[in-house]
Number of protein chains: 2
Amino acid sequence: MPVYLRGLLFLAENGRESVSSRNLAELLGVNAWQIRKDFSYFGDFGTRGVGYEIKTLTSQIKKILRLDIGRKIAVVGIGNLGSAVLAYRGFGIYGFAIAAAFDNDAKKIGKKTGNVEIEDVANLGTLKRRKIDLAIITVPQDAAQATADRLVEAGIRAILNFSPCYITVPKKVKVITIDIAMDLARLPYYMPTS
Amino acid sequence: MPVYLRGLLFLAENGRESVSSRNLAELLGVNAWQIRKDFSYFGDFGTRGVGYEIKTLTSQIKKILRLDIGRKIAVVGIGNLGSAVLAYRGFGIYGFAIAAAFDNDAKKIGKKTGNVEIEDVANLGTLKRRKIDLAIITVPQDAAQATADRLVEAGIRAILNFSPCYITVPKKVKVITIDIAMDLARLPYYMPTS
DNA sequence: CTATGTGAATTTATTCACAGCA
DNA sequence: TGCTGTGAATAAATTCACATAG
């Protein structure tokens, strides 16, 4: 569903108002009947003979994915990767807003990047009060587990982890780890000759 | 399989020499029988009563994933994200080495980061001669397609794309796109209450 | 006539249970 | 006894075909 949502948001940006399962399938490189099955599992969103109205379908999928309310994000670790995340402009369409940035480097604390000021990681405890329950971890590998522990303590309920390591959290907390090297390691398999 | 490989590499780093399917399953959060099925699909790697010898299993999986030969990588777009990729130390264990970096900013060209010098994107054509057939794209969104086109022209056969957009390439070229915002958008679904 | 939604058929993946080997 | 490897059973996902609605 997130892939479909991205495709629909892309079409909406380009001014499209409706789309058929075949159109969307071609755009995303999947099958039309797959899309229809997936959509119909959650309800009847389309109009026969016409297709799907992008605006209503988008808001339906956002509701299903719980993206219908604005969510605040904290970024922990403002190195190169953290800075790249702060500079990234693609969160808004999913209802996300970066609301806090943390680092443990005194030289960085207090600096403003975009419209958030970098805070001391010692202030992580304020997240609960500030209703921030989503975090992105972009700290060095050896600090990842400690950071995750502090985030859990601070009431964070989901983490996007960019450190290439296993972090263990209570199972009430959802973690998605993005390991650049491992993703890269998938590619050679699809490169046949040599 | 890439996930299994990462787990095995992790165990090897920590000095482990053999592992049972149950051990590995617990580490990775999957089922033991799933691991055995997956391994046995490619051949008989284990020893009954003992488990799997990590060293031999690792090299077997590397061969399967075509990671048994060293591969050179090019990074295109040395902004925050590109710098983070260049600084990243986790590629080596998969047999990757960053061998080239490119940007179109004259102020950056010629600078050395780590042990690669940033080159002008106009030099992308040299990749074929230098036997570099893997690339990571970390350029702004609106430059992604043009960059991909030039990489394909330069003989690149697989691309890891960090720009949140659709890029189209000949189907002989494999592309994996990592869209941070979309990955983040998967999380709220797993955060039950509010 | 177009495009959805859905049962049925088919294929694929997961899970189990246990034989077989160290 | 411990753990792998695998056939058989079960579940799930994919694909097809078409009735149905606009």
Side-chain angles (χ1 to χ4, degrees), chain A residues 1-12 14-65 171 176 182 186 189-190, chain B residues 1-12 14-65 171 176 182 186 189-190:
Chain A
M1 297 300 271
V3 175
Y4 297 152
L5 177 58
R6 184 174 58 164
L8 291 167
L9 290 168
F10 172 77
L11 289 170
N14 291 37
R16 287 282 296 276
E17 296 193 342
S18 73
V19 67
S20 71
S21 56
R22 194 191 297 183
N23 290 159
L24 190 59
E26 278 166 13
L27 175 68
L28 301 176
V30 297
N31 301 322
W33 54 76
Q34 185 74 277
I35 290 176
R36 293 204 300 273
K37 253 286 194 279
D38 292 340
F39 285 173
S40 73
Y41 176 80
F42 291 104
D44 297 3
F45 300 139
T47 312
R48 295 174 195 232
V50 180
Y52 300 91
E53 205 217 334
I54 289 175
K55 209 166 125 185
T56 53
L57 182 55
T58 298
S59 69
Q60 289 292 335
I61 296 179
K62 280 191 175 178
K63 196 175 289 177
I64 292 163
L65 297 177
K171 59 174 173 293
I176 291 181
M182 196 185 73
R186 291 177 203 277
Y189 184 75
Y190 300 99
Chain B
M1 294 302 270
V3 176
Y4 298 152
L5 178 57
R6 185 174 58 165
L8 291 166
L9 291 169
F10 172 78
L11 289 170
N14 291 36
R16 286 285 294 276
E17 296 194 340
S18 73
V19 67
S20 70
S21 55
R22 194 190 298 182
N23 290 159
L24 189 59
E26 279 167 13
L27 174 69
L28 301 176
V30 298
N31 300 322
W33 55 77
Q34 185 74 278
I35 290 176
R36 293 204 298 274
K37 252 290 194 272
D38 291 341
F39 286 172
S40 74
Y41 177 80
F42 292 104
D44 297 2
F45 301 139
T47 312
R48 293 171 198 234
V50 181
Y52 300 90
E53 205 217 333
I54 290 175
K55 209 167 125 185
T56 53
L57 182 55
T58 298
S59 71
Q60 290 292 335
I61 296 179
K62 280 191 175 177
K63 197 173 290 178
I64 292 163
L65 296 178
K171 60 175 173 293
I176 291 181
M182 197 186 72
R186 291 176 204 277
Y189 183 75
Y190 300 99

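Chain naming here is simple, since letters A, B, ... match the order of the sequence lines and numbering starts at 1 in each.
- Looking only at side-chain heavy atoms (C-beta outward), A/M1 and A/F42 come within less than 4.5 Å of each other.
- For B/F39 and D/dC3, the CZ to P distance is 16 Å, given to the nearest whole Å.
- Each of B/V30, B/N23, B/V3, B/V19 was checked for a side chain to side chain contact (heavy atoms under 4.5 Å, CB included) with B/I35, and the lone residue meeting it is B/V30.
- Note that OG1 of B/T56 and CD of B/E17 are 11.0 Å apart. Values are rounded to the nearest 0.5 Å.
- Distances shown here put a side-chain N or O of A/N31 below 4.0 Å from the OP1 or OP2 atom of D/dT15.
- Contacts of A/F45 with the nucleic acid, taken as non-hydrogen atoms under 4.0 Å apart, involve only primed sugar atoms and P, OP1 or OP2.
- No option in B/F10, B/F45, B/F39 other than B/F39 meets the ring-ring contact (aromatic ring centres under 6.0 Å, His included) test with B/Y4.
- Among all heavy-atom pairs drawn from B/S40 and B/K37, the shortest one is OG-O, 3.1 Å.
- Contact between the side-chain N/O atoms of B/Y52 and the OP1/OP2 oxygens of C/dA22 is not found at any separation under 4.0 Å.
- One interatomic measurement links the two molecules: CD of A/Q60 to P of C/dT4, which rounds to 16 Å at whole-angstrom precision.
- Between B/D44 atom CG and C/dA22 atom C1' there is a gap of 14 Å when expressed in whole angstrom units.
- With rounding to whole Å, B/Y41 atom OH is found 12 Å from C/dT12 atom C1'.
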>> Treating primed atoms plus P, OP1 and OP2 as sugar-phosphate and everything else as base, which nucleotides of nucleotides 16-22 of chain D get B, S or - for protein heavy atoms under 4.0 Å?
In response: SB-BBBS

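- A/L8 places none of its side-chain heavy atoms less than 4.5 Å from the side chain of A/Y52.
- Atom P of nucleotide C/dC1 and atom CZ of A/R22 are separated by 15 Å, given to the nearest angstrom.
- To the nearest 0.5 Å, the span separating CD on A/Q34 from CG on A/L24 amounts to 12.0 Å.
- Taking 4.0 angstrom as the limit, A/S20 places none of its side-chain polar atoms (N or O) nearer than this to OP1 or OP2 of C/dA3.
- What separates CD1 of A/I35 from P of D/dT15 is a distance of 12 Å, to the nearest Å.
- Rounding to whole angstrom units, CZ of residue B/F42 and P of D/dT6 are separated by 14 Å.
- What separates CD of A/Q34 from C1' of C/dT4 is a distance of 15 Å, to the nearest Å.
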